[in-house]
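The next block holds one structure in the form of structure tokens; read it before the comments.
Numbering of ligands and ligand atoms starts at 1, following listing order.
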Amino acid sequence: MPSEFARRLASFGPDIRLGLDDLGFTDPDSVYASVIAIAERNYSERTKKLKARDLAQPADWFQSEKAVGYVAYTDRFAGDLNGVAKRIPYLKSLGITYLHLMPLLQPRPGENDGGYAVMNYREVNPAIGSMKDLAELTEKLHDNEITLTIDLVLNHVAREHEWAVRAENGDPKYQAYFYVYPDRVTPDEFEACLPEVFPDFAPGNFTWSEELHAWVWTTFNSYQWDVNWSNPEVLLEYLDIIGFLANQGVDCLRLDAIAFMWKRLGTSSQNLPEVHSITQILRAFARIVAPSLIFQAEAIVGPHDIGAYLGKGKYAGKVSDVAYHNSLMVQIWSALAARDSRLMEVALNRFEALPVGTTWTTYLRCHDDIGWAIDDSDASSLGWDGFGHRSFLANFYSGGFEGSFARGEVFQYNPETGDRRISGSTASLAGLEIAIHNQNQDQINEAIDRIVLGYTIVYGFGGLPLLYMGDELGLLNDHSYRENIEESGDNRWMHRPYFPQEDGPYSTSVAQELTQRLTLLATARKALPALHARQTTRVSSTSAPAVSFVTREGEFGQLLEIYNVSENNITLDLAELPYPIEPVDLITGHSVVVTGDALHIPAFAAFWVGPA
Ligand code: GLC
């Protein structure tokens with residue numbers, strides 16, 4: 001009988017081989033041989049316990065209605081990795097089964113883009129623990145049926161990473177790990193088509209290195225050097241890193257900034273097909289070494305490009321397993337500001353059905369800014385001007401719009417495009433900060449309702465929902481970053497708060513109510529197989545612009561979700577429902593009021609109902 005390794009190699013080796021051909025390497029056979037040698041070594045280093053887990057973990061664990069995620073910075077949430085272990089009971093009380101700890105590998109000293117400038121992939125940030133602590137934490141999480149996701153930054157390393165240091169010291173092997181140009185000719189040619197990710201604090205995509213006496217590609221900050229994936233040595237390095245991290249018991253790697261990994265002159269150097277060929281190789285490698293490991297693509301790209309990250313065409317079933325649903329997040333905030341969810345219908349229904357075995361991670365807020373990814377043609381289908389609506393949202397959420405409930409700030413104003421992205425915590429953007437400032441209980445209640453409504457859409461959409469740490473407590477914008485020299489230039493830190501001390505706002509009635517309602521939501525979700533990711537989702541608007549329906553259909557049954565994004569009570573004719581319903585909200589158990597032919601939908605209603 002062939003060994004488990006041989007069996008998997010026979011199944012997934014061809015994906016690696018084909019991927020190598022796609023990348024156009026000069027000697028794909030020898031690269032393939034190296035890949036297999038790395039796979040064999042990592043497989044032999046994998047513990048028995050993890051090998052058993054590989055066989056036991058159900059293939060759809062991240063698609064299950066039982067899956068609920070939580071995203072937190074280790075230090076801000078719990079001090080260090082051992083502190084996270086102590087908070088497992090807390091996570092369980094919220095119904096969490098999937099924990100994403102924000103970048104935790106050793107970052108460069110000083111400013112490090114929130115940990116996304118990694119200096120050493122094989123060490124944990126010493127401020128929060130060691131690799132041994134990480135492996136121990138994954139075991140404890142597994143014992144409690146929680147999986148662990150960590151970030152793997154594939155597009156760049158810190159300029160203090162050994163590869164970059166060796167490159168700067170003149171080693172040609174390592175210089176070939178990066179994009180290095182002696183003058184501005186090629187950088188300028190590329191720049192003609194490249195967008196700027198951080199136009200404000202890191203303009204341009206290239207940085208002059210005194211040591212190299214050359215320009216180095218740095219898409220993000222000047223201290224984050226893009227690695228050159230067209231060099232097979234880079235691929236081999238990362239495969240070995242993936243094996244190493246998987247062997248610490250990590251269940252999911254969040255592939256950071258994956259869209260940028262391949263560059264081609266005359267293009268935006270984003271979303272190029274080679275990115276998917278690379279992912280196919282990484283994925284096949286993982287399936288051989290550690291098949292319970294999954295990939296979460298961080299590709300904040302347009303609706304036309306995102307599908308490819310979950311595997312379109314020849315990549316179906318071969319790339320990432322989950323991907324951020326950025327549009328859903330944008331559409332929720334857009335609907336809340338406009339009190340109109342019609343754009344949601346247009347924008348969300350245009351997504352193609354996802355490949356079997358994949359799903360979205362759905363979220364209301366994360367550690368990054370919100371970019372107003374509103375499509376011009378979607379907006380014009382409602383008679384709206386895309387630019388105008390994006391401006392409205394930027395004004396609304398940065399507090400520059402008369403009567404806005406939100407308190408956020410502009411992140412990275414781009415004068416060339418007029419884009420204004422937004423920073424701010426869920427609670428502050430949803431109105432809680434202003435409400436508390438005004439000491440207005442009605443406004444406080446509305447803000448809580450808005451947060452719960454947003455999360456109900458997120459938990460009910462049919463992907464893997466992510467609760468962002470602090471949202472369950474209504475944590476407001478935290479301006480303490482301004483006092484910290486390493487953070488003060490980047491206002492995304494305002495929505496990366498610290499988990500409060502037990503006697504702080506943590507115990508306020510707002511925090512208690514939010515925690516209680518979000519916990520109820522998780523419990524309701526887990527009892528509804530209709531929310532398994534294998535089902536399909538459709539959004540439909542109604543005769544009331546503020547009210548929309550989300551329907552879940554498929555082999556596991558029907559679910560109808562009814563959302564009202566406004567502060568008005570609304571009545572709809574029962575005939576608008578797609579089918580007769582059992583008038584009970586499956587989240588709270590409360591009745592949904594029907595009188596005669598009228599369905600009463602209170603302000604900020606978020607109901608889940610089943611068929612009659
Ligand atoms: C991702 C991260 C973001 C970071 C960037 C560069 O988009 O989410 O926080 O700044 O990558 O690593």
ring-ring contact (aromatic ring centres under 6.0 Å, His included) involving F62 - partner list, sequence neighbours excluded: none
Electrostatic pair E162-R108, nearest N-O below 4.0 angstrom: no
Could you pull out the N/O contacts under 3.5 angstrom between ligand 1 and the surrounding protein atoms?
| unit_1 | atom_1 | unit_2 | atom_2 | d |
| --- | --- | --- | --- | --- |
| ligand 1 | 7 (O) | E298 | OE1 | 3.2 |
| ligand 1 | 7 (O) | E298 | OE2 | 2.9 |
| ligand 1 | 8 (O) | R254 | NH2 | 3.0 |
| ligand 1 | 8 (O) | H367 | NE2 | 2.7 |
| ligand 1 | 8 (O) | D368 | OD2 | 2.4 |
| ligand 1 | 9 (O) | H367 | NE2 | 3.0 |
| ligand 1 | 9 (O) | D368 | OD1 | 2.7 |
| ligand 1 | 9 (O) | D368 | OD2 | 3.4 |
| ligand 1 | 9 (O) | R492 | NH1 | 3.2 |
| ligand 1 | 10 (O) | D113 | OD1 | 3.0 |
| ligand 1 | 10 (O) | D113 | OD2 | 2.8 |
| ligand 1 | 10 (O) | R492 | NH1 | 3.1 |
| ligand 1 | 11 (O) | D256 | OD1 | 2.9 |
| ligand 1 | 11 (O) | D256 | OD2 | 3.1 |
| ligand 1 | 12 (O) | D113 | OD2 | 3.4 |
| ligand 1 | 12 (O) | H156 | NE2 | 2.9 |
| ligand 1 | 12 (O) | D256 | OD2 | 3.0 |

Listed once per pair and sorted, the salt bridge (charged side-chain N to carboxylate O under 4.0 Å, His left out) pairs that draw on residues 190-204, sequence neighbours left out: none
Sidechain N-carboxylate O distance under 4.0 Å for E274, R264: yes
Solution key, residues 298-310 side-chain donor-acceptor pairs under 3.5 Å, sequence neighbours excluded:
| unit_1 | atom_1 | unit_2 | atom_2 | d |
| --- | --- | --- | --- | --- |
| E298 | OE1 | A257 | N | 2.7 |
| D305 | OD2 | N271 | ND2 | 3.2 |
| Y309 | OH | N271 | OD1 | 2.6 |

Any donor-acceptor pair under 3.5 Å from N477 side chain to R407 backbone: yes
